[in-house]
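Residue numbering restarts at 1 for every chain, and letters A, B, ... go by the order of the sequence lines.
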Amino acid sequence: MSGFARLVFLGRLEDLAGTAGLAVAPGPLDQVLAGLDRELAVALLDDRIRLALNGDLLTESGGITLVDGDELAFLPPVSGG
Amino acid sequence: MSGFARLVFLGRLEDLAGTAGLAVAPGPLDQVLAGLDRELAVALLDDRIRLALNGDLLTESGGITLVDGDELAFLPPVSGG
Amino acid sequence: MLDVRLSDRAFDPAREIAGFVSRVPDAGGVVTFLGQVRADHGVLALEIRHYAPMTLPGFQALGDTAVARWQLDGMLIVHRVGEMAPGDPIVLVAGASRHRRDAFAATDFVMDHLKGESWLWKRERTAEGWRWIEPRGQDHADRARWG
Amino acid sequence: MLDVRLSDRAFDPAREIAGFVSRVPDAGGVVTFLGQVRADHGVLALEIRHYAPMTLPGFQALGDTAVARWQLDGMLIVHRVGEMAPGDPIVLVAGASRHRRDAFAATDFVMDHLKGESWLWKRERTAEGWRWIEPRGQDHADRARWG
């Protein structure tokens, strides 16, 4: 059991997190986020942030549980210009 | 007096004339054309042939008289793509 | 022929174009778009971040769409990631077709969708430091052109 | 910057594009169109004849129109005359602009008008000999796009 899941922070979220990625204990996403810095957790839950699990864009962010080896990416709106 | 004017044949007219250009005696265009091969003269008078006198496109082909040093170009429709 | 690449180092647009053209001898027309870091408004550097599992597949899907929609002999998409200086190439898109309208439309289409739908995040450094580039409303208008 | 040339010998499109891009450092986007002799339908040679007092001024006027109509940092038109082989470049048009839409539109516009309004006469050689290329109805439709 246990092992690691990985969170990946893109764009400005990387700056906010102070890192491009973070190894976390697997489990329900709510629980994973509760273990993070509060300001970062709030930013990650912003409506405009999309999620990709193992490279696949998620249409719903509710009810996610990370298992060993999962990679969950937080994708802020892409840049214009 | 006298001298020369020059006729210039573009595109397929060059092939028909057998030459890219011809020096002719100055004078009214009708008279100049009358001195050419009949088949060539008929081709030059075709409605779709436009004329340029010394590099300027003519809007009317009637009443042209060539003087010494003039260059009259016969421009068939340009090719498509 | 569809060639889609991300490049984490500078590329030479003229060499890429020459290579592309040599692979489409039957095409009557080749349209290219080259985007480069503008040298005119105090930008000292541009950084583009990507997410490997999504960025390249996204470009590939966009190329596939263009190839399916127009009659193309070839399509090339090369996009820089990482940090760039003013004058550096950012993106090169090329379309080759028998009739030029297809190449124009496909290249234009890819550019309209690249800018707004790619998984890329950009920030600029000016004298005041780094600043993230936000989404633009114009991108939506650009994509809406294609129905 | 408007650069309009006729060339009676082969030119290198990649080198021309590189030279053009180096002269427009402030442009965010450069669109190019390269037309080449197609290698796919039995054409052994293409000859383009021109009339010096009208052909180059005609291209120049077309370039002037594009420069007046769009916001361009630069515009390049290079056109071959004389005899060419399959694969040889015929025409290179490039437009550079701050915003890519101007460069796309100007390049597209110039191509639509080049083909139908330039003072150029073309013939092709196939196994059956030389054949003059006639005007096409499509050229009128292409120009009509621009109102």
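Applying the 6.0 Å contact sphere to CD of C/Q60 captures more than 12 heavy atoms from other residues, nucleotides or ligands. For D/R145, the CZ atom counts as densely surrounded, since its 6.0 Å shell holds more than 12 non-hydrogen atoms of other residues, nucleotides or ligands. For C/Q71, the CD atom is loosely surrounded, since the number of other residues' heavy atoms within 6.0 Å does not exceed 12. Counting heavy atoms of neighbouring residues, nucleotides and ligands inside a 6.0 Å radius, atom CZ of C/R15 does not exceed 12 of them.
Side-chain atoms of D/D112 and C/R100, non-hydrogen and from C-beta on, do get closer than 4.5 Å to each other. Side-chain atoms of C/F33 and D/T32, non-hydrogen and from C-beta on, never get closer than 4.5 Å to each other. Looking only at side-chain heavy atoms (C-beta outward), C/D26 and D/Q36 stay at 4.5 Å or farther from each other.
The residues D/R101 and C/D108 are annotated as salt-bridged, a charged nitrogen and a carboxylate oxygen being separated by less than 4.0 angstrom.
A search for side-chain hydrogen bond (donor to acceptor under 3.5 Å, both in side chains) contacts involving C/E47 returns C/R49, C/R123, not counting sequence neighbours.
Contacts between C/S22 and chain D at a heavy-atom distance below 4.5 Å are absent for every atom of the residue.
Here the side chain of C/R38 pairs a donor or acceptor atom with the backbone of D/R98 at under 3.5 angstrom.
Per-residue heavy-atom pair counts under 4.5 Å with chain D were compared for C/P89, C/G28, C/G29, C/A14, and the maximum is reached by C/G28.
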